[in-house]
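First the proteins, then the strands, lettered A, B, ... as listed; each starts at 1.
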Protein chains: 2
Amino acid sequence: MTIHDVARSAGVSRQTVSRALNDKAEIDGSTKQRVLDAARELGYRPSRFARGLVRPETTTIGLVVPDLLNPFFTEVASGALEAARARGRHVVVYDTAGDAEQELATLRVIGTQVDAVVGYFGRSDEDLDRFTPGIPVVLIGREPRVPRFSGIAIDGEDGVREAVAHLVGRGHRRIGMLDHDGRPEPSVRQQWFRRAVAEHGIALAPGWIARAPQSVDGGGAALATLLAAHPDVTAVFAFNDVIAIGALREARRFGLRVPADLAVIGFDGLALGTLVEPELSSVALDTRALGALAVEQASRLVTGAAPLEPGELIVRAALHLRESA
Amino acid sequence: MTIHDVARSAGVSRQTVSRALNDKAEIDGSTKQRVLDAARELGYRPSRFARGLVRPETTTIGLVVPDLLNPFFTEVASGALEAARARGRHVVVYDTAGDAEQELATLRVIGTQVDAVVGYFGRSDEDLDRFTPGIPVVLIGREPRVPRFSGIAIDGEDGVREAVAHLVGRGHRRIGMLDHDGRPEPSVRQQWFRRAVAEHGIALAPGWIARAPQSVDGGGAALATLLAAHPDVTAVFAFNDVIAIGALREARRFGLRVPADLAVIGFDGLALGTLVEPELSSVALDTRALGALAVEQASRLVTGAAPLEPGELIVRAALHLRESA
DNA sequence: GTGAAAGCGCTAACAC
DNA sequence: GTGTTAGCGCTTTCAC
């Protein structure tokens, strides 16, 4: 079923069909109607590829996230979608389920399907390099090690420092952290946290850092671990809000009042944090800007426009105090 | 920058370049390396369109949602993505921001960019028909009026009846509803609710149904309205969980204990409902199945495979009791 | 107003 | 093992 079939059915040439379908000016009204009728009759549908070949206009950006149900990634995706829409770009969303094999399979396909890739990856830069032949890659929240790649940086150091200062100002000295357990080494956020507490002369003995999978349940379990090691903890800083919300729930189960018995501060500043009770204090990020910047940069790299400078590719965090601390 | 440039640069034919790039067998190792080097050097990137034109098409499905940040649509999208991945399909996500003009703009573009469209639309079937030339359309939670369209039906009548029976069993007689205010006419869920309360001989005077925008804040405002009209209300059923969660928050502000002073039941059964305090009781839907079924049906319609029967295109709801009622 | 010809960039056949 | 030929389906010249 091609334009040719429609042409034959309507008794005109292929070009005339094209004119009718694309609302071009130079065509007789009745001819146009006849062509349109024939096209509908036959259920004709132009090929996206043949069109794209001739009019390569729409650039498509692939957005890779480990879990769209995690509200952090939802917010990032939302920002990416909006930025893409504003620039007339398309976004194909891939959810890798946090699985290395899924991610590989995704990358293998993605290279032939989109013009650029942005998002969160578990694979090494070398792997990414190998499977994304030549197209721009924008990593979010991770430093690119391959010159071809670009990255959106998250600078939360000041925000974490604010958070710790706030806790210390309220008299807290026994502060724990619920870190993310995704990688063997400590997260960058843990390093910020360590430096911040050190500035207040607080020593962090082992056991003050519990590690959690990136989920609400994981956050709850991590708090339980921390409480087992240090029942006298009075405040916790969490790797992110999802983990912090798990801690909130677990604290309730332990009969701890928040913030009276236990102060909790998260990271990310998700909208979700305003729905829980008590509302979550958080080192807040403009999550939608993360997605939007990534799309903007990818978009520029694809079209060959001047890319954003490193200084413009940073999203900073700031403490948003609500009720939990 | 085409395959031709690479061929010239490497001193081979275009076909040999193609062989090297696509890992074909019949090619000399050193030639292959030379081609690969040349390609990398030149920053060559094959055209998706030219490839698509020649190779078996990957079908792409467009998923349209009014607001990806609304966790209901996130869950639907997640189900759609997973189903698509399982079948080797691509999903392009479009967020229309609940705006009629945005939706129209989206539809105008989408017709030329994807092979099928699924999702939630505000426009009439006639508009959709006009702007989606010939491609399959699958409406979620809405009855299609155009023969070309397909739909995923939500049957929550039994679930709502269960919910009302539960409330009545607990002694509630003054039950209000927080309906969605998206359309002028009452929602289908309101009709289910009306029938259910009528079965228990409860008359619904005006003012027992408050209408709310589909947001947490909207749910809060609607509860305030309802309380103003009927301060003696003891239970509310909400159009969906997002609205119900707003009601939960508003109840807290009014100093009402849930469920002691006010019982609350939502609709959808979102994961979010387990994060709030008290946990939300809800007429639960398999939201991810909604997205998955839509993709499955779209996929079949595109390839011409036998479509799912109407009986298979229904998602039923059932009461999930947690803490709020 | 309409049609014929010329590609867009790529790969599957078939030569050599 | 490598090159040549022939399209994939569409739109854009440029004739008529």
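Side-chain nitrogen and oxygen atoms of Thr16(B) include at least one within less than 4.0 Å of the OP1 or OP2 phosphate oxygen of dG3(D). Put simply, Ser13(B) has no side-chain N or O that comes within less than 4.0 Å of OP1 or OP2 on dT2(D).
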Identify each atom pair where a protein N or O and an N or O of nucleotides 12-16 of chain D are less than 3.5 Å apart, giving names and distance.
from: dT12(D); atom 1: OP1; to: Arg55(A); atom 2: NE; distance (Å): 3.1

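Look at Arg89(B) and Asp115(B) and you find no salt bridge, because none of the NZ, NE, NH1 or NH2 atoms lies under 4.0 Å from a carboxylate O. Comment: Arg34(A) does not engage Asp37(A) in a salt bridge, judged by the lack of any side-chain N to carboxylate O separation of less than 4.0 angstrom. Between Arg8(A) and Asp5(A) there is a salt bridge, since a side-chain N of the basic residue sits under 4.0 Å from a carboxylate O of the acidic one.
Picking from dG9(D), dG3(C), dT2(C) the nucleotide with the shortest atom distance to the side chain of Leu53(A) gives dG9(D). Nearest to the side-chain atoms of Asp28(A) among the listed nucleotides dC10(C), dT2(C), dT2(D) stands dT2(C). Side-chain proximity of Ala50(B) to the nucleotides dT2(D), dG3(D), dG9(C) is greatest for dG9(C). When each of dC10(C), dT11(D), dG1(D) is scored by its nearest atom to the side-chain atoms of Thr31(B), the top-ranked nucleotide is dG1(D).
Where Arg14(B) and Lys32(B) each meet DNA chain D at their nearest nucleotide, the meeting point lying more 5' is that of Lys32(B).
Counting only N and O atoms by type, the side chains of Ser13(A) and Gln15(A) include a donor and acceptor under 3.5 Å apart.
In Glu312(B), the CD atom is crowded: over 12 heavy atoms of neighbouring residues, nucleotides or ligands sit closer than 6.0 Å.
Here the C1' atom of nucleotide dT11(C) and the CD1 atom of Ile27(B) are 14 Å apart, to the nearest Å. As rounded to whole Å, 14 Å separates atom P of dA4(C) from atom CZ of Arg8(A). The separation between Ile3(A) atom CD1 and dA4(C) atom P is 14 Å, rounded to whole Å. Put simply, CG on Asn22(A) is 17 Å from P on dG9(D), counting in whole angstrom units. Atom-to-atom, CE of Met1(A) to P of dG9(D) comes out at 11 Å; the value is rounded to the nearest Å. Here dC8(D) presents its P atom at 18 Å from CZ of Arg51(A), a figure rounded to the nearest Å. His4(B) has its NE2 atom 14 Å from the C1' atom of dG7(C), to the nearest Å. Regarding Phe49(A), its CZ atom lies at a distance of 15 Å from the P atom of dT11(D), rounded to whole Å.
Near DNA chain C, meaning a heavy atom under 4.0 Å away, the residues from residues 38-46 of chain B are Tyr44(B), Pro46(B).
Counting only distance, with no hydrogens or angles, the side chain of Thr303(B) and the backbone of Ser299(B) share a donor-acceptor pair below 3.5 Å. Judged by distance alone, the side chain of Asp67(A) and the main-chain N or O of Ala97(A) form no donor-acceptor pair under 3.5 Å.
In this structure, the salt bridge (Lys or Arg N to Asp or Glu O under 4.0 Å) partners of Glu296(A), at least two apart in sequence or on a different chain, are Arg87(A), Arg300(A).
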Checking Ser150(A) against Gln297(A) for the side-chain hydrogen bond (donor to acceptor under 3.5 Å, both in side chains) test, could you report, in this order, the C-alpha distance in whole Å, the side-chain angles of both residues, the deciding distance, and whether it holds? CA-CA 8 Å; Ser150(A) 189; Gln297(A) 179 73 337; 3.0 Å; yes
Step-by-step side-chain hydrogen bond (donor to acceptor under 3.5 Å, both in side chains) determination, Glu75(B) to Thr287(B): CA-CA 6 Å; Glu75(B) 292 192 5; Thr287(B) 49; 2.5 Å; yes
